[in-house]
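When a residue number appears, it is its place in the shown sequence, counting from 1.
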Amino acid sequence: KEIGENLDFKVVKNKYPNRGISESIKLGIKNCEESEGYMFFVGDQPLLDKKDIEKIKEVLIMGDYRNYFMFIIGINTGLRITQILSLKFSDLIDNENNILSKIEFNGIEYKINRCIKDALKVYICTSGIKNKNTFIFKSKRGDNPIERTQAYRILKNACRDAGVNLNFGTHTLRKTF
C-alpha cells in the first residue's frame, strides 16, 4: 500500500478475495474517479491454508484415491492441471521401479517430495496398474486421462463437501504450492 501511495496510485484492498478477481476489478472501478482507463494489479487468487488443505484431503481420501493423488501432486509441485493430467506412471517411475526425485516440463524441473512419493506408493498398490505407460489420472471411460473440466468438478465438489468456502479453481492448487 505504501509503495502505491508513494507513486501516486490509489490502493484499494478487497476484503473479500474469496469472491474472485472480478470483485477486485469492480471494487477498483467503484473507488476511482472518471478516467480514460484503469490499471489493476490484482493478487487475490484464493489460497488454501493448512486447515483447509487437511479438510479437503480428508474428503478426497474417502473417495477415489486417484482424486486424492491429483490434489497431492497439485499442492506439492506447482504444476498446471493440464501437466498433472498428462502424467503417466512412467513419468514418475524409472525402469527399476524406483520413484524419481524430479520430473521436467518445458525445461523446468519439479521436485517429487516425500508426500508425493508416499501417496504414489499407496496409489500404485491400490490401483493395480500393469503398464507404466498408463495415465495416472485415467478416465473410467477409456484409456485417456480425465478432462480438465472433470478435475475442476472433482476438486470443487471436494471443497464443498469439506466445508471450504473458496472461489476454488484448479489453478488454486498452483497458488497453494
Side-chain angles (χ1 to χ4, degrees), residues 12-30 40-89 91-92 99 103 105-106 108 110-129 134-177:
V12 180
K13 184 175 180 183
N14 183 355
K15 294 179 184 175
Y16 306 101
N18 61 322
R19 294 181 183 168
I21 290 174
S22 63
E23 188 71 19
S24 295
I25 293 171
K26 289 187 274 186
L27 186 63
I29 291 171
K30 187 177 179 179
F40 293 94
F41 300 95
V42 294
D44 58 0
Q45 176 72 34
L47 298 177
L48 296 171
D49 62 27
K50 259 186 163 171
K51 181 182 68 178
D52 290 339
I53 288 170
E54 291 307 314
K55 287 180 185 177
I56 295 167
K57 283 167 62 175
E58 285 176 24
V59 166
L60 287 169
I61 205 161
M62 298 305 291
D64 189 335
Y65 199 86
R66 174 198 70 184
N67 301 339
Y68 171 78
F69 188 55
M70 177 176 59
F71 183 75
I72 293 300
I73 286 186
I75 64 172
N76 283 284
T77 62
L79 287 168
R80 296 181 180 280
I81 195 64
T82 53
Q83 293 169 318
I84 292 170
L85 298 178
S86 73
L87 287 171
K88 295 182 177 184
F89 286 98
D91 295 323
L92 300 179
I99 298 174
I103 54 174
F105 276 99
N106 302 324
I108 301 171
Y110 297 88
K111 186 178 182 217
I112 305 302
N113 66 17
R114 172 66 40 211
C115 185
I116 295 170
K117 288 179 182 182
D118 291 345
L120 179 58
K121 288 176 189 174
V122 171
Y123 190 37
I124 289 169
C125 291
T126 59
S127 68
I129 64 144
T134 303
F135 286 104
I136 295 173
F137 306 103
K138 191 172 108 34
S139 170
K140 293 176 178 147
R141 296 184 186 158
D143 293 330
N144 291 324
I146 62 173
E147 297 286 330
R148 189 172 41 95
T149 53
Q150 179 64 12
Y152 167 78
R153 280 191 295 271
I154 289 165
L155 297 169
K156 185 80 171 174
N157 290 340
C159 281
R160 184 199 62 223
D161 295 347
V164 175
N165 187 19
L166 284 178
N167 185 15
F168 186 88
T170 54
H171 205 67
T172 308
L173 297 176
R174 291 190 80 202
K175 298 298 183 180
T176 300
F177 167 74

Residue pairs involving residues 58-75 (criterion side chain to side chain donor-acceptor pair (under 3.5 Å); sequence neighbours excluded):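 Non-adjacent pairs meeting side chain to side chain donor-acceptor pair (under 3.5 Å): Asp64-Lys140.
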Measure the spacing between [atom1] of [X] and [atom2] of [Y] and express it to the nearest 0.5 Å.
| X | Y | atom1 | atom2 | answer |
| --- | --- | --- | --- | --- |
| Arg160 | Asn157 | CZ | CG | 4.0 Å |
| Tyr110 | Gln83 | OH | CD | 5.0 Å |
| Ile154 | Cys159 | CD1 | SG | 12.5 Å |
| Ile72 | Ile116 | CD1 | CD1 | 8.0 Å |
| Glu147 | Arg141 | CD | CZ | 10.5 Å |
| Leu120 | Phe69 | CG | CZ | 4.0 Å |

Side chain to side chain, [X] and [Y], heavy atoms closer than 4.5 Å:
| X | Y | value |
| --- | --- | --- |
| Met70 | Ile146 | yes |
| Ile136 | Ile84 | no |
| Leu85 | Gln150 | no |
| Ile103 | Leu87 | yes |

Identified side chain to side chain donor-acceptor pair (under 3.5 Å) counterpart of Asn113 within the set Asn76, Asp118, Thr77: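 Testing each of Asn76, Asp118, Thr77 against Asn113, the sole residue satisfying side chain to side chain donor-acceptor pair (under 3.5 Å) is Asn76.
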Ion pair Glu54/Lys57, N-O distance below 4.0 Å: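 Result for this pair is yes, salt bridge flagged.
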Plane angle bin for Tyr123 and Phe137 - parallel if under 30°, tilted between 30 and 60°, otherwise perpendicular: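 Plane angle under 30°, so parallel.
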Nearest heavy-atom neighbours spanning Phe135 and Asp143: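 Minimum heavy-atom separation between Phe135 and Asp143: CD1-O, 3.2 Å.
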side-chain contact (heavy atoms from CB on, under 4.5 Å) partners for Ala162, two or more places apart: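 Ala162: side-chain contact (heavy atoms from CB on, under 4.5 Å) contacts with Lys55, Ile56, Val59, Val164.
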